[in-house]
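Just so it is clear, the structure is predicted and the values come from calculations on it, not from any experiment. Note that ligands are numbered from 1 as they come in the structure, with each ligand's atoms numbered from 1 the same way. Any value given below was found using the heavy atoms of this structure, including those in side chains, with hydrogens, waters and symmetry copies removed.
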Amino acid sequence: MTLEEIITTRRSVRKFTDEPVSKEEILRLLDMARWAPYASPCWRFVVIEEPERKEEVAQAARQGWIATAAVVIVVGADTQDFSKAHAWRWDAYKRRGLFYIQDTAAAIQNLMLAAVDMGLGTCWIGSFNEGDVAKIVGLSARVRPVALIPVGHPAEPQQKATRGPLEEIVFWENYEPPKTATD
Ligand SMILES: Cc1cc2nc3c(=O)[nH]c(=O)nc-3n(C[C@H](O)[C@H](O)[C@H](O)COP(=O)(O)O)c2cc1C
C-alpha cells in the first residue's frame, strides 16, 4: 500500500474477529508509534490482553465492544517528563502543558497507520473515566491516560470514508470566517 492508500483507507474498527494479535505485532506497532515527532518522549504504553482486564477498561469507557478486541493499549503520558533536552526556550516551557497531548497524539496516529499496513484494525478511544483506567492498569499520578486503542483483526471490510471540501478548512495567509446571514 502507498502511504496515501494507508491514510485514506484507515477507518475506526469496532468489530473484530477472534484471531489473536501476536506479541511481535504489538511490539511492531509500538515501535512505529515512537518514531513520531515528539517534544518529549513521554509516552507510556500498557498492553492489556487478559479478558477480565479488557472488560474492566471497556466498562471504564462504557463501550462494551472494546473488550472484543484482541488487545487494548492504554496510551499514557508522563506529564512530568518534559525532557530537559527539549526545554529549548521559555515559549516551549510555557506551552509544555500542551506538549504531552501532542506527543501522544502523534504516536497514536503512527500506531494506527502502521496497523492498517499490517492488516489490523484500531479505534481511538478518548471517552473514558480517567481515574478508573489509571487504577485498572496501575498508572502513577504523574502518568495521565490519554487514549485507549483496541487492536484486532477487522471482522468486516471497511467502508471508504469521505471528508468535506478542503476549502472549508484551508485558509491562505488569513483566516476568513464563513459569511453568515447577518454579514
Ligand atoms: C480524540 C478522539 C477521541 C475519540 N473517542 C472515541 C470514543 O470514545 N469511542 C469511539 O468509538 N470512537 C472514538 N473516536 C473515533 C472517532 O469517532 C472517529 O475517528 C471519527 O468518527 C472518524 O471516523 P474514522 O476514524 O473511521 O475515519 C475518537 C477519535 C479521536 C481522535
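Formation of a donor-acceptor pair under 3.5 Å by the Arg44 side chain with backbone atoms of Cys42 is found in this model. With hydrogens and angles disregarded, a donor-acceptor distance shorter than 3.5 Å links the side chain of Glu5 to the backbone of Thr2.
For atom 5 (N) of ligand 1, a protein non-hydrogen atom is found at a distance below 4.0 Å.
Every atom of ligand 1 with a heavy atom of Ser127 under 4.0 Å away is listed here by number and element: 8 (O). Atoms of ligand 1 lying under 4.0 Å from any heavy atom of Trp65, numbered from 1 in the order shown and given with element: 11 (O).
For the side-chain hydrogen bond (donor to acceptor under 3.5 Å, both in side chains) with Arg142, the qualifying choice from Asp78, Thr79, Asp81 is Asp78, the only one to do so.
For the ligand labelled ligand 1, residue Gln159 lies outside the 4.0 Å heavy-atom shell. Heavy-atom distances between Cys123 and ligand 1 reach below 4.0 Å in at least one pair.
Distances from atom 10 (C) of ligand 1 to the heavy atoms of Gln63, Arg62, Gln158 put Gln63 nearest.
Counting heavy atoms under 4.0 Å from ligand 1, residue Gln109 does not touch it at all. Looking at Ser12 against ligand 1, both its backbone and its side chain come within 4.0 Å, counting heavy atoms.
For Arg11, a nitrogen or oxygen atom sits less than 3.5 Å from a nitrogen or oxygen atom of ligand 1, counting backbone and side chain alike. Between Gly126 and ligand 1, an N or O atom pair is found at a separation short of 3.5 Å.
Considering only heavy atoms from C-beta on, Leu111 comes within 4.5 Å of Ile73 through its side chain. At a threshold of 4.5 Å between non-hydrogen side-chain atoms, the residues Arg53 and Ile136 count as touching. By the 4.5 Å heavy-atom criterion applied to side chains, Pro150 and Trp65 are counted as neighbours. Side-chain contact between Glu25 and Val71 is absent, with no heavy atoms from C-beta onward closer than 4.5 Å. Val137 has its side chain within reach of Ile48: a pair of non-hydrogen atoms, C-beta onward, lies under 4.5 Å apart.
Atom 15 (C) of ligand 1 has Trp124 O, 3.6 Å as its closest protein atom, hydrogens excluded (heavy atom only). Nearest protein neighbour of atom 12 (N) of ligand 1, counting heavy atoms only, is Arg14 NH2, 3.2 Å. Residue, atom and distance of the protein heavy atom nearest to atom 22 (C) of ligand 1 are Arg163 NH2, 4.4 Å.
Between Phe45 and Trp43, the ring planes are parallel. Angles under 30° get that label, and only those over 60° would be called perpendicular.
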